[in-house]
2 protein chains.
Amino acid sequence: MTAPLHEAHPTGAGRALPDTQQGMRRRNLARVMHTVSAEGPLSRAAVASRIGLTRAAVSTLVDELIRTGLLDELGPERPGRVGRPGSALAVSGHGPAGIGAEVGVDHLAVCAVDLRGEVRVRAVRQGANRGRAPEPVVAELTALIRQVVAEAGEEGLWPAGLAVAVPGLIARDAGTVVSAPNLGWHGTDLGALLPGDWPLSVDNEANFGGLAELWLGEGTPRDFLHVSAEIGIGAAVVVDGRLLRGNRGFAGELGHVPVWPEGPPCACGGRGCLEQYAGEEAVLRAAGLELGEDRVGLLAGRAAEGDEAVRRALRDAGTALGIALTGAVNLLDPEAVVLGGALSGLAPWLLPSLEAELARRTAGPACPVSVSRFGPEGPLLGAAHSVVRGVLDDPAAVAERG
Amino acid sequence: MTAPLHEAHPTGAGRALPDTQQGMRRRNLARVMHTVSAEGPLSRAAVASRIGLTRAAVSTLVDELIRTGLLDELGPERPGRVGRPGSALAVSGHGPAGIGAEVGVDHLAVCAVDLRGEVRVRAVRQGANRGRAPEPVVAELTALIRQVVAEAGEEGLWPAGLAVAVPGLIARDAGTVVSAPNLGWHGTDLGALLPGDWPLSVDNEANFGGLAELWLGEGTPRDFLHVSAEIGIGAAVVVDGRLLRGNRGFAGELGHVPVWPEGPPCACGGRGCLEQYAGEEAVLRAAGLELGEDRVGLLAGRAAEGDEAVRRALRDAGTALGIALTGAVNLLDPEAVVLGGALSGLAPWLLPSLEAELARRTAGPACPVSVSRFGPEGPLLGAAHSVVRGVLDDPAAVAERG
DNA sequence: ACTATTTCGTCATCGCCGTTTACAAATTAG
DNA sequence: CTAATTTGTAAACGGCGATGACGAAATAGT
């Protein structure tokens, strides 16, 4: 093919904001931050060559970022090459921090992450939240948050925002929990219950887990499916480095993909949904176990001991997951599937049947399936990092507030 | 919720090109073109208020676009309001045009679309292409293209690019047909067979059909699933106004989503794929008909006559489609599902069972299903318009060449 | 009919920002 | 110790949108 290829879905069209010189400046500040953040200590010249601007332009951008405390000048690099050594720049470990919080079925967790991406403070509170009213649970969470914020403050960090991961459906662009069956919450406006001191975002646990994988996973592609399961089975669909939320924000409801269309009825109104085969309750029932605390640990323990009923239950769950994922993979053609959340702990017993099913139903090479490094920590990390990313994406905004 | 909400998946990060003033200018030229194109004749002041720039800035942008022949000044508007009437601007009907081409199983089609979006020239050539070698088919297509280009030239249009719709899998960012089972083509490099005179793009028929729906459909949302079927069943997944292509460019293979996991074996290696229930061959077989020309017309005709076997076959296909779409809708949460291509002609008999199945398996309000206005013309229109969109997206580039 | 008001398009000026060019500083190569 | 290379900065330049003012062309009010 001699002629250049045309892109049929250009992105330039959907831009909403007017394109002015100030916007250009803001975007370039963001690109400097992202580059330094992603590629460690870097000289001005190195940044310039990476983002395609001149050294002079980068100098003024870096000056501004140093003035606002978002970048630190570490001093001259130890040279190995010819020429004057550059002055290493690094993202500051002080200043704005992302506060992540998680409402789990069995615990509450909060952490503070600095711009470098390091977890600086964390606090966890064990205790079953299933069936408790939102108000006392959120009150406890607020106490934890205030504690973490205070400790972070002692280290020179101030909260740039708060992100809360919840196991349930969240209304898009609003902090309202539409439905969290694990907790028994419905139509709960978290924004009204949480402190309004900082910018707040609330999102599905699976989504934040997927974002953690995208931002922190090593070698994670920009197109993948991140599957995580508690009682429900959720997936984060990441396309071209962006999380797909869907029209109402309900995208990723893998748990209600039909697997055997005439299977057992499901709460959603359908029959034979994935959740009926690979959901926590279904697996426990198939394994002959009862509901209780630390159900994943129980399953993993029994499976490791060689309990045949448990192993068979997990094998069957893997098969059902494989069927549902075959559909998803055919529809989305992702570069990889990543198992996170509770699934990562059960992966050894799920993976064989899952991968077999996926391979059996795929013509060419099957989509690779891997296990998240973060396990149950993914959502919390993803939440905190979403705030950090927000700062990296618009450093000028934070400079105005800081 | 008092605090502003934070976006967890900012787009600013992935920008590849350096952000310079020339880029800003180019983007603003594009925004002017898009605005005028989308909202009909508009004065400079109206454009300015819409895109957020000042009248002065828009004036210079418009001057440049008029100089390069992309915009026309129609003269003073007839005023209904107080104040000096503006001078109406419209997209030019001369200059660059998009050439769309389609390789169908039973026909070849080519058309030329001007920047206003109007089809100015079209040419169709009936004749079965199934099983023919690529070379003679593409030679015929090339002749049609040259004919259309010549006729367009007489109207003052010159080709800004050529886009070809093919019923099959296309390698991403290359003009190679990986597999087109309807035609019997495999690994065919169309770029080498087609004239290299213009920028070329090749894509799946379903994708171009979905883009036509996105760009030309009235009231079509920016998030939807466009399903079309010939022998295979393909879907265009449109997310936030962008076509989702997937890692290898194979996204949207709805035909191989498992519907009944232990159903009849499929060429893909799986069992019970949607194609085994709603694919053209399967429906014809279930209806007791034989393969032949104009198979869709045959089915529609018999169904209209009241043939019970045909109606039952279509009803069952609708049910299978409904099951597969339930999975897709749960995964993507689109705003709508649109049936296009051959399906639009059969919609009266498919829709009832399809919608019933979708509603039965959905908890809240089911995702609305509609039928494309374009029918079998969608892919051709989408292809031609993709070239036009490319011009609107970067008018400066075309000015350099024109 | 005449004036005031409103809106449109344009022009000159200004400010912002990345580029270009030049140069001093700091290192390695020979 | 000199030449070559690379870094960071400063000054002049040029492109581009914003600002403010002004004439042109319509309506609204008297």
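Lettering of chains follows the sequences in order, A, B, ..., and the numbering in each one begins at 1.
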Atom CG of A/L53 and atom P of D/dG8: how far apart are they, to the nearest Å?
15 Å
So if I take every side-chain heavy atom of A/S87 and compare against D/dA18, D/dG8, C/dG9, which nucleotide ends up nearest?
D/dG8
In whole angstroms, the gap separating P of D/dA25 from CZ of B/R78 amounts to 18 Å
OP1 or OP2 of C/dT10 less than 4.0 angstrom from a side-chain nitrogen or oxygen of B/S59, does that happen here?
yes
What's the closest nucleotide to the B/L61 side chain, out of C/dT10, D/dG17, C/dG18?
D/dG17
Please evaluate the base of C/dC17 for a donor-acceptor partner in the side chain of A/Q21 within a cut-off of under 3.5 Å?
no
Identify the two heavy atoms, one from B/D72 and one from B/S92, that lie closest to each other, and give their separation to 0.1 Å.
OD2-CA, 3.6 Å
When all nucleic acid strands are considered with a 4.0 Å heavy-atom cut-off, which category describes A/S43: base, sugar-phosphate, or nothing?
sugar-phosphate
Of the non-hydrogen atoms in A/L89 and A/R44, which two are nearest, and what is the gap between them?
CD1-CG, 3.8 Å
Are any of B/N28's side-chain N or O atoms less than 4.0 Å away from OP1 or OP2 of D/dG17?
yes
Among the nucleotides D/dA18, D/dG15, D/dT27, which one has an atom lying closest to any side-chain atom of A/T20?
D/dA18
Which comes earlier along DNA chain D counting from the 5' end, the contact point of A/A45 or that of B/P76, where each point is its nearest nucleotide?
A/A45
In this structure, how many angstroms lie between the C1' atom of D/dT27 and the CD atom of B/E77, rounded?
15 Å
What nucleotide, of C/dG9, D/dT27, D/dT6, holds the atom closest to the side chain of A/R84?
D/dT6
Applying a 4.0 Å non-hydrogen cut-off, can you work out what B/A56 is touching in the nucleic acid: base, sugar-phosphate, or nothing?
base
A/I51 CD1 to C/dG18 P, in whole Å, measures 9 Å
On DNA chain C, check which nucleotide each of A/R81 and A/M24 is closest to and give me the residue with the more 5' one.
A/M24
Testing D/dA26, D/dA18, C/dT10 for proximity to the side chain of B/A57, the answer is D/dA18
Select one nucleotide: of C/dG9, C/dG18, D/dT6, the one nearest the side-chain heavy atoms of A/V82.
D/dT6
A/D394 and side chain to side chain donor-acceptor pair (under 3.5 Å): which single residue from A/R27, A/R26, A/R389 fits?
A/R26
Using a cut-off of less than 4.0 Å, is there contact between a side-chain N or O of B/R44 and OP1 or OP2 of C/dT10?
yes
Evaluate salt bridge (Lys or Arg N to Asp or Glu O under 4.0 Å) for B/R245 paired with B/D203, printing each intermediate quantity in order.
CA-CA 10 Å; B/R245 282 206 159 70; B/D203 207 338; 2.4 Å; yes
Please figure out whether A/R55 or A/Q22 has its closest DNA chain D nucleotide nearer the 5' end.
A/R55
Tell me the interatomic distance from A/R31, atom CZ, to C/dC17, atom C1', rounded to whole angstroms.
15 Å
Nearest non-hydrogen partners of A/R373 and A/G217, listed with the distance:
NH2-CA, 4.2 Å
So does A/T54 get a side-chain nitrogen or oxygen closer than 4.0 Å to the phosphate oxygens (OP1/OP2) of C/dG18?
no
Determine whether B/T60 and B/R25 satisfy the following criterion, side-chain hydrogen bond (donor to acceptor under 3.5 Å, both in side chains), listing intermediate values before the conclusion.
CA-CA 10 Å; B/T60 71; B/R25 180 78 175 176; 3.3 Å; yes
With a 4.0 Å limit, can you tell me whether A/R25 has a side-chain N or O closer than that to the phosphate oxygens OP1/OP2 of C/dG18?
yes
